[in-house]
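Let me begin by presenting the structure, written as structure tokens, before commenting on it.
A, B, ... follow the sequence lines: proteins, then strands. Residue 1 opens every chain. Below, each value reflects all heavy atoms present in this structure, side chains not excepted, and no hydrogens, waters or symmetry copies.
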There are 2 protein chains.
Amino acid sequence: MTTNKARPRGRPRGFDPDQAVATAQRLFHARGYDAVSVADLTEALGINPPSFYAAFGSKAGLYARAVGRYANAGAIPLPELLCPNRPVAESLAAVLEAAARIYAANPDAAGCLVLEGTRCNDPAARETARASNDAAADTIRRFIAARHPEEAERLTDYMNTTMAGLSAKARDGYSLDRLLATARLASQAIAQALPASASR
Amino acid sequence: MTTNKARPRGRPRGFDPDQAVATAQRLFHARGYDAVSVADLTEALGINPPSFYAAFGSKAGLYARAVGRYANAGAIPLPELLCPNRPVAESLAAVLEAAARIYAANPDAAGCLVLEGTRCNDPAARETARASNDAAADTIRRFIAARHPEEAERLTDYMNTTMAGLSAKARDGYSLDRLLATARLASQAIAQALPASASR
DNA sequence: GGCATTTTGTATCAATGACTACAAATAAAG
DNA sequence: CTTTATTTGTAGTCATTGATACAAAATGCC
């Protein structure tokens with residue numbers, strides 16, 4: 001596992017890039033992309049700018065790594081929530097509830113790293129976040145379309161919009177209880193649009 | 001109307017502050033607070049920095065003026081939508097529909113100036129936006145509480161969250177149709193929570 | 001005309017942003 | 001030991017940020 005390859009050649013790295021990505025993920029999530037400077041990052045990582053740029057290319061490059069890591073550590077686990085055996089409305093409700101819980105779980109990193117990233121002022125980072133968000137939206141859309149094709153677009157938009165709102169309000173300091181109440185209320189609209197009878 | 005007061009004393013202004021606020025409002029709404037620099041503003045206004053700071057104190061000061069103007073020109077007209085003669089659920093649905101329409105009305109200034117402002121990186125501007133948003137939330141909360149006190153908190157949170165989502169997605173380029181569909185779906189949850197029978 | 005008052009234009013300021021040039025350091029390969 | 005390859009630390013670069021110092025210009029008041 002830890003024996004990957006023989007040492008490359010030159011001087012060995014003085015830091016662990018994967019751990020650096022994890023640290024960067026925390027920082028970006030806590031303060032937002034724009035509010036984290038390269039100086040903040042190099043200080044938090046205990047390295048100097050040249051090491052930073054040699055390893056990650058740019059601030060946006062590191063952000064892309066952090067977003068990639070986020071999918072496996074911190075984001076909503078869509079694959080396990082969107083279960084083909086469960087009614088669609090129930091699955092979507094589970095996603096919204098998970099969003100509320102995850103966005104409020106850590107007050108120092110509230111909301112969704114990706115959704116908040118789509119609002120930043122760096123074009124490269126914004127595109128990274130947008131691509132990740134689009135991928136998640138596609139997953140939801142395909143899940144709905146499999147059983148309710150005529151409702152897929154509308155409900156996907158509704159899910160995306162609701163999650164964006166939940167992320168924003170989580171960053172405004174809304175408590176878990178308030179976010180959960182909103183998520184559940186939002187789920188009722190979905191249940192109404194997808195009568196249980198049409199579960200398959 | 002235009003004859004306000006006798007000329008003050010010294011050298012007359014070379015620009016109209018009210019028109020400058022209107023221009024600034026457009027710029028802030030189009031690009032967001034952080035992405036508009038003082039240099040952008042002074043250029044758009046055709047003035048130099050000293051005139052800018054003499055008139056508005058700071059970038060955040062001008063933003064406060066722009067937000068104040070927004071309430072009367074661009075924002076959702078809550079006072080006329082929250083009509084005490086109409087059922088609460090119907091009024092709230094009208095607010096969400098207005099949000100969708102207004103947020104998508106101008107593609108060059110999508111979303112809500114205030115809601116997006118609450119996400120900026122300048123503490124002073126953020127506090128200005130937050131105060132304005134809180135005032136709007138209070139208006140909604142009192143309107144609901146007048147007839148459905150036990151639902152006021154939950155529905156106000158739901159409204160705020162939904163509008164934040166609509167604003168974010170409007171900035172993502174969602175069309176009016178998509179935003180309207182989401183707003184209407186969201187309204188169904190409200191209608192369900194406030195049975196028509198309890199209209200008074 | 002002369003004085004007080006206010007705004008304007010020129011020319012900055014200090015701080016911070018992302019990013020790099022360059023040589024010393026550290027390793028494997030020959 | 002020499003060569004080659006890679007990373008490191010020092011010390012910057014250059015553009016941009018929000019905000020100002022200062023004197024000239026333009027008005028009302030006396």
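A/Tyr33 carries A/Lys59 over the face of its six-membered ring, with the cationic atom under 6.0 Å from the centre and within 45° of the normal.
A salt bridge is defined here as a Lys NZ or Arg NE, NH1 or NH2 lying under 4.0 Å from an Asp or Glu carboxylate O, and B/Arg154 with B/Asp157 fails to meet this definition.
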Hey, can you pull the donor-acceptor pairs under 3.5 Å for the side chains in residues 120-127 of chain A, sequence neighbours left out?
unit_1, atom_1, unit_2, atom_2, d
A/Asn121, ND2, A/Asp34, OD2, 3.4
A/Asp122, OD1, A/Ala124, N, 3.0
A/Asp122, OD1, A/Ala125, N, 3.0
A/Arg126, NH1, A/Cys120, O, 3.1

Tabulate below the donor-acceptor pairs under 3.5 Å that side-chain atoms of residues 98-107 of chain A make, not counting sequence neighbours, or state none.
unit_1, atom_1, unit_2, atom_2, d
A/Arg101, NE, A/Glu97, OE2, 3.4
A/Arg101, NH2, A/Glu97, OE2, 3.0
A/Asn106, OD1, A/Asp108, N, 3.0

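Straight-line distance from the CD1 atom of A/Ile47 to the C1' atom of C/dA18: 14 Å, rounded to whole Å. For the pair B/Leu62 CG and D/dG18 P, the interatomic distance rounds to 12 Å; values are reported in whole Å. What separates CG of A/Asp122 from P of D/dA15 is a distance of 19 Å, to the nearest Å. Here the C1' atom of nucleotide C/dC19 and the OH atom of A/Tyr63 are 21 Å apart, to the nearest Å. Here the P atom of nucleotide D/dG18 and the CZ atom of B/Phe52 are 9 Å apart, to the nearest Å. B/Asn48 places its CG atom 14 Å from the C1' atom of D/dA24, with the value rounded to the nearest Å. One interatomic measurement links the two molecules: CZ of B/Phe56 to P of C/dT7, which rounds to 11 Å at whole-angstrom precision.
Within the structure, side chain to side chain donor-acceptor pair (under 3.5 Å) pairs that include any residue of residues 39-54 of chain A comprise A/Arg31-A/Asp40, A/Ser37-A/Asp40 (at least two apart or interchain).
Within the 4.5 Å cutoff, the side chain of A/Glu151 has heavy atoms near those of the A/Leu194 side chain. Residues B/Asn160 and B/Leu115 fail the side-chain proximity criterion, which asks for heavy atoms closer than 4.5 Å.
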- Task: Kindly indicate, with the supporting measurements, whether the criterion salt bridge (Lys or Arg N to Asp or Glu O under 4.0 Å) is fulfilled by B/Glu116 and A/Arg119.
- Result: CA-CA 9 Å; B/Glu116 300 305 313; A/Arg119 317 242 76 74; 3.7 Å; yes
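Counting only heavy atoms from C-beta on, B/Phe15 has its side chain closest to C/dT8 among C/dT8, D/dA19, D/dA11.
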- Quick one: what's the B/S/- string for nucleotides 22-30 of chain C, heavy-atom cutoff under 4.0 Å, read 5' to 3'? ---BBBBS-
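Considering only side-chain N and O atoms, B/Ser51 lies under 4.0 angstrom from the phosphate OP1 or OP2 of C/dT8. Distances shown here put every side-chain N or O of A/Tyr53 at or beyond 4.0 Å from the OP1 or OP2 atom of C/dT20.
Residues satisfying the salt bridge (charged side-chain N to carboxylate O under 4.0 Å, His left out) test with A/Asp177, not counting sequence neighbours, are none.
Near-neighbour residues of DNA chain D inside residues 22-46 of chain B, defined by a heavy atom below 4.0 Å, number-ordered: B/Val36, B/Ser37, B/Val38.
Sequence order on DNA chain D of the closest nucleotides to B/Ser58 and A/Ala54 puts A/Ala54 first from the 5' end.
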